[in-house]
Number of protein chains: 2
Amino acid sequence: MSSHSPKRPAASGSTGSSRAPIARRRATTSAVTLKDVAERAGVAPITVSRALNAPGSVSATLRASIDRAVAELGYVPNRFAGMLASAESRVIPVIVPSLSNAVFVEVIQGIQTVLEDAGYQLLLGNTMYDLARETELVSTLLGWSPAGIIVAGLRHAERTSALLRGCGRPLVEIMELGARPIDMNVGLSHLKAGMMMGRHLIERGYRRIGFVGGRLDADYRAMQRFRGLDRALADAGLRRRPPFTYDAPSSPEMGGRQLLLALQQAPDLDALFFANDDLAVGALLRAARDGIDVPGRIAIAGFNGLDIGALTSPSLTSIVSPRLDIGAIAAAKLLARITGAAPGPARVDVGCKLAIREST
Amino acid sequence: MSSHSPKRPAASGSTGSSRAPIARRRATTSAVTLKDVAERAGVAPITVSRALNAPGSVSATLRASIDRAVAELGYVPNRFAGMLASAESRVIPVIVPSLSNAVFVEVIQGIQTVLEDAGYQLLLGNTMYDLARETELVSTLLGWSPAGIIVAGLRHAERTSALLRGCGRPLVEIMELGARPIDMNVGLSHLKAGMMMGRHLIERGYRRIGFVGGRLDADYRAMQRFRGLDRALADAGLRRRPPFTYDAPSSPEMGGRQLLLALQQAPDLDALFFANDDLAVGALLRAARDGIDVPGRIAIAGFNGLDIGALTSPSLTSIVSPRLDIGAIAAAKLLARITGAAPGPARVDVGCKLAIREST
DNA sequence: CCCGATCATGGTAGCGCAACCATCAATCGT
DNA sequence: ACGATTGATGGTTGCGCTACCATGATCGGG
């Protein structure tokens with residue numbers, strides 16, 4: 001089973017002797033090629049190629065016999081050869097900082113839905129919030145001559161930006177919104193989102209508001225949400241405080257732990273804005289278990305609008321971002337550019353919505 | 001910005017007239033090639049190739065000057081050319097039925113960690129629990145001449161099995177365990193897992209036990225968990241009942257809804273085994289909100305061992321499967337086979353563990 | 001000190017496919 | 001009815017890289 005042995009005989013006729021150019025046949029993929037199909041159908045290879053790639057340009061008669069030959073031989077086109085020959089790859093790398101966070105998974109789903117229908121293949125890259133790794137990934141993935149690129153975030157290492165800028169391919173930077181994207185940009189302002197939540201909490205009467213988030217140096221968007229809250233506090237003349245932070249990935253368990261830590265460090269807090277719903281849900285569950293009254297003792301808010309936030313008791317106030325849309329729009333804009341259609345504006349603000357629920 | 005115009009001039013000298021073989025230059029990827037690096041470094045292209053792929057076989061002197069040339073020119077190898085020439089693809093498709101379920105995301109992470117280190121690229125395919133789509137995906141992905149394939153599940157459409165069997169490439173079927181895998185198999189017995197949970201519930205004194213799961217016709221593994229429970233019930237001489245089922249993807253919200261429906265349809269129930277933790281957690285939250293006593297009025301159990309299950313009140317009894325391990329082991333076995341190392345046994349049972357918590 | 005072994009490097013020939021032009025037949029306009 | 005166009009098909013070349021062999025240099029053993 002699973003032998004990789006070449007099926008073709010080592011040599012077929014001629015030059016059995018004499019000079020250098022030995023009639024060797026390289027070990028090959030033992031697969032049916034375009035030429036085989038062409039011979040079977042009695043046409044030229046290029047005609048088979050056309051029949052498969054632009055069926056309209058081949059007569060119905062030939063197309064039928066070619067289709068039959070394809071089916072009989074079980075021909076599967078070799079993508080590498082096609083892409084090498086046409087310098088057109090139908091491959092689109094998507095670079096995200098994490099898969100642990102459901103948000104990115106949903107974005108990827110949004111992208112894939114669109115790409116798959118258009119016959120493009122998604123190549124997944126996970127930077128794990130490491131800029132050096134991002135550079136390496138971009139560099140590697142460029143070797144695939146991608147038709148376009150989707151990358152999360154606008155902040156890159158110097159060299160990453162250079163690579164992305166220099167490769168001359170359609171690019172969409174997603175998730176956050178910025179003034180000077182390299183090419184296209186689909187996302188939302190996390191600063192505004194943070195302010196939105198800050199204003200909501202203030203309006204609700206909370207005055208001693210804190211922020212919890214991990215790895216804010218690496219997670220620029222979380223940092224922006226904090227800055228938004230901070231600005232809202234400043235605008236309202238309320239006390240601003242540094243974020244409660246720690247060095248670990250987000251998880252519900254961590255959210256619960258950070259809730260307790262924050263309350264211990266700053267017992268005067270009356271509201272906590274968590275960097276994401278994973279943390280916030282964990283905090284809610286911890287509070288429920290420990291008998292901490294939410295929002296009586298402390299209000300809790302999150303970000304992302306994960307479905308589960310609507311089900312907890314109390315349900316979680318959060319900011320809902322259109323994750324699937326970000327992916328779908330980014331993919332659509334990329335395809336538009338690739339196919340030469342009008343891609344629309346270079347920058348799309350997908351916005352976000354405050355979902356006010358019981359936890360505030 | 002982002003122009004796709006070829007950078008090379010249309011033609012460079014000579015044959016401006018006369019015969020057919022026009023000195024045209026095809027629109028190309030405008031990229032630095034191996035040959036450019038070779039010229040810069042003053043060596044033959046093949047030497048550059050070796051310096052990059054088998055550094056040990058090139059003298060340190062040359063290697064250094066080649067590395068410098070690579071860096072200066074920003075050379076990125078063209079994967080397609082390499083794979084076409086070597087008929088060795090370094091591409092591994094991973095076919096899963098869903099991304100909404102965190103389990104598959106974790107498996108993918110496990111796979112990617114291993115593959116990336118070995119220089120392989122993961123190609124993601126999502127069947128959405130649709131066998132026809134699976135066939136199509138397999139067929140498409142085979143066009144990438146993959147070095148190996150990882151696919152979730154052992155049940156495929158006839159044609160899918162034929163394709164997988166016929167392609168002669170290392171294959172790992174993951175998630176569930178079966179008697180006759182096509183090639184290799186890494187997973188666990190969902191039947192046993194179901195029985196394990198059934199026995200636990202019975203041992204705990206529950207006697208009127210139901211099962212909740214969606215799309216059991218498509219989700220074979222969930223069905224096996226049901227059968228396991230069913231067998232445990234039969235073994236104990238307890239009443240067996242058909243599963244509570246519905247046609248929608250799993251979500252916490254659906255879990256809550258199904259809890260209420262089940263209790264309404266069968267008020268005598270004293271325990272419910274949910275097909276997965278997403279559902280079960282939703283049921284727990286619903287119960288908490290509606291004042292349904294768990295496990296007093298009804299016990300609730302899940303499957304997967306998602307982290308959040310440990311945090312709810314009551315915490316969720318579940319079956320923990322080693323998701324990351326499944327991915328990592330599958331990838332490792334695949335790589336072993338590809339590189340010719342001993343892959344070990346064709347079938348690996350990763351097992352699972354009952355996590356008894358407060359909800360039962 | 002010569003001969004074969006070992007090493008580093010280079011030349012050449014494809015890998016399978018699509019771009020480009022040429023060619024030939026069918027169709028159209030007037 | 002005839003040339004000009006259009007449409008369908010084929011021949012040739014090359015995409016960028018690596019497999020295969022050849023070559024020359026270096027080395028050690030007898």
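Chain A is the first sequence line, chain B the second, and so forth, proteins listed ahead of strands; every chain is numbered from 1.
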### Query
Roughly, in whole Å, what's the span from CZ in R90(A) to P in dC15(D)?
22 Å

### Query
Starting at the 5' end of DNA chain C and moving along, which residue's nearest nucleotide shows up first, A81(B) or G42(B)?
G42(B)

### Distance below 4.0 Å between T47(B) side-chain N/O and dG10(C) OP1 or OP2
yes

### Euclidean distance, atom CZ of residue R63(B) to atom P of dT9(C) [Å, nearest integer]
9 Å

### Task
Grab the CD1-P distance between I66(A) and dG10(D) for me, whole Å please.
8 Å

### Touch class at under 4.0 angstrom, heavy-atom based, for P45(B) against every strand present
nothing

### Task
Side chain of S86(A) only, please: which of dG14(C), dA19(C), dT9(D) is the nearest?
dA19(C)

#### Entry: Test applied, side chain to side chain contact (heavy atoms under 4.5 Å, CB included); reference residue, M184(A); option that passes from I150(A), I174(A), I329(A), L334(A)
L334(A)

### Query
Quick one: is dG16(C) close enough that its OP1 or OP2 comes under 4.0 Å of any side-chain N or O from T33(A)?
no

### Message
Please determine whether a side-chain nitrogen or oxygen atom of N53(A) lies at a distance below 4.0 Å from atom OP1 or OP2 of dA18(C).
### Response
yes

## Note on the structure
To the nearest angstrom, the NZ-P distance between K35(B) and dG11(C) comes to 12 Å

### side-chain hydrogen bond (donor to acceptor under 3.5 Å, both in side chains) pairs, two or more places apart, involving residues 148-165 of chain A
E134(A)-H156(A), T135(A)-T160(A), R155(A)-Y220(A), H156(A)-E173(A)

### Query
Does the side-chain contact (heavy atoms from CB on, under 4.5 Å) test come out yes or no for R90(B) and M83(B), once each step is laid out?
CA-CA 8 Å; R90(B) 306 212 145 233; M83(B) 291 173 181; 3.9 Å; yes

### Message
Rounding to an integer number of Å, can you tell me how far L34(B) CG sits from dG10(C) P?
### Response
13 Å

### Task
Could you check which of dA18(C), dG10(C), dC17(D) has an atom nearest any side-chain atom of A85(B)?
dC17(D)

#### Entry: Residue-phosphate contact under 4.0 Å: S59(A) side-chain N/O, dT9(D) OP1/OP2
yes

### Message
With a 4.0 Å limit, can you tell me whether S57(B) has a side-chain N or O closer than that to the phosphate oxygens OP1/OP2 of dA8(C)?
### Response
no

### Message
Measuring to OP1 and OP2 of dT18(D), would you say a side-chain N or O of S49(B) lies under 4.0 angstrom away?
### Response
yes

### Task
Please report the C-alpha distance between R337(A) and D183(A) in whole Å, then the side-chain angles of each, then the deciding distance to 0.1 Å, and finally whether the salt bridge (Lys or Arg N to Asp or Glu O under 4.0 Å) criterion is met.
CA-CA 11 Å; R337(A) 261 289 262 302; D183(A) 185 1; 3.0 Å; yes

### Query
Can you list every ring-ring contact (aromatic ring centres under 6.0 Å, His included) pair that touches residues 48-88 of chain B, not counting sequence neighbours?
W144(A)-F80(B)

### Query
Hey, does the side-chain of R50(A) have a donor or acceptor N/O within less than 3.5 Å of a partner on the base of dG10(D)?
yes

#### Entry: Whole-Å distance separating the CG atom of N78(B) from the P atom of dT18(D)
10 Å

### Interatomic distance where CD1 belongs to I46(B) and C1' belongs to dA13(C) [whole Å]
12 Å

#### Entry: Atom-pair distance (CG on L84(B); C1' on dC15(C)), nearest Å
4 Å

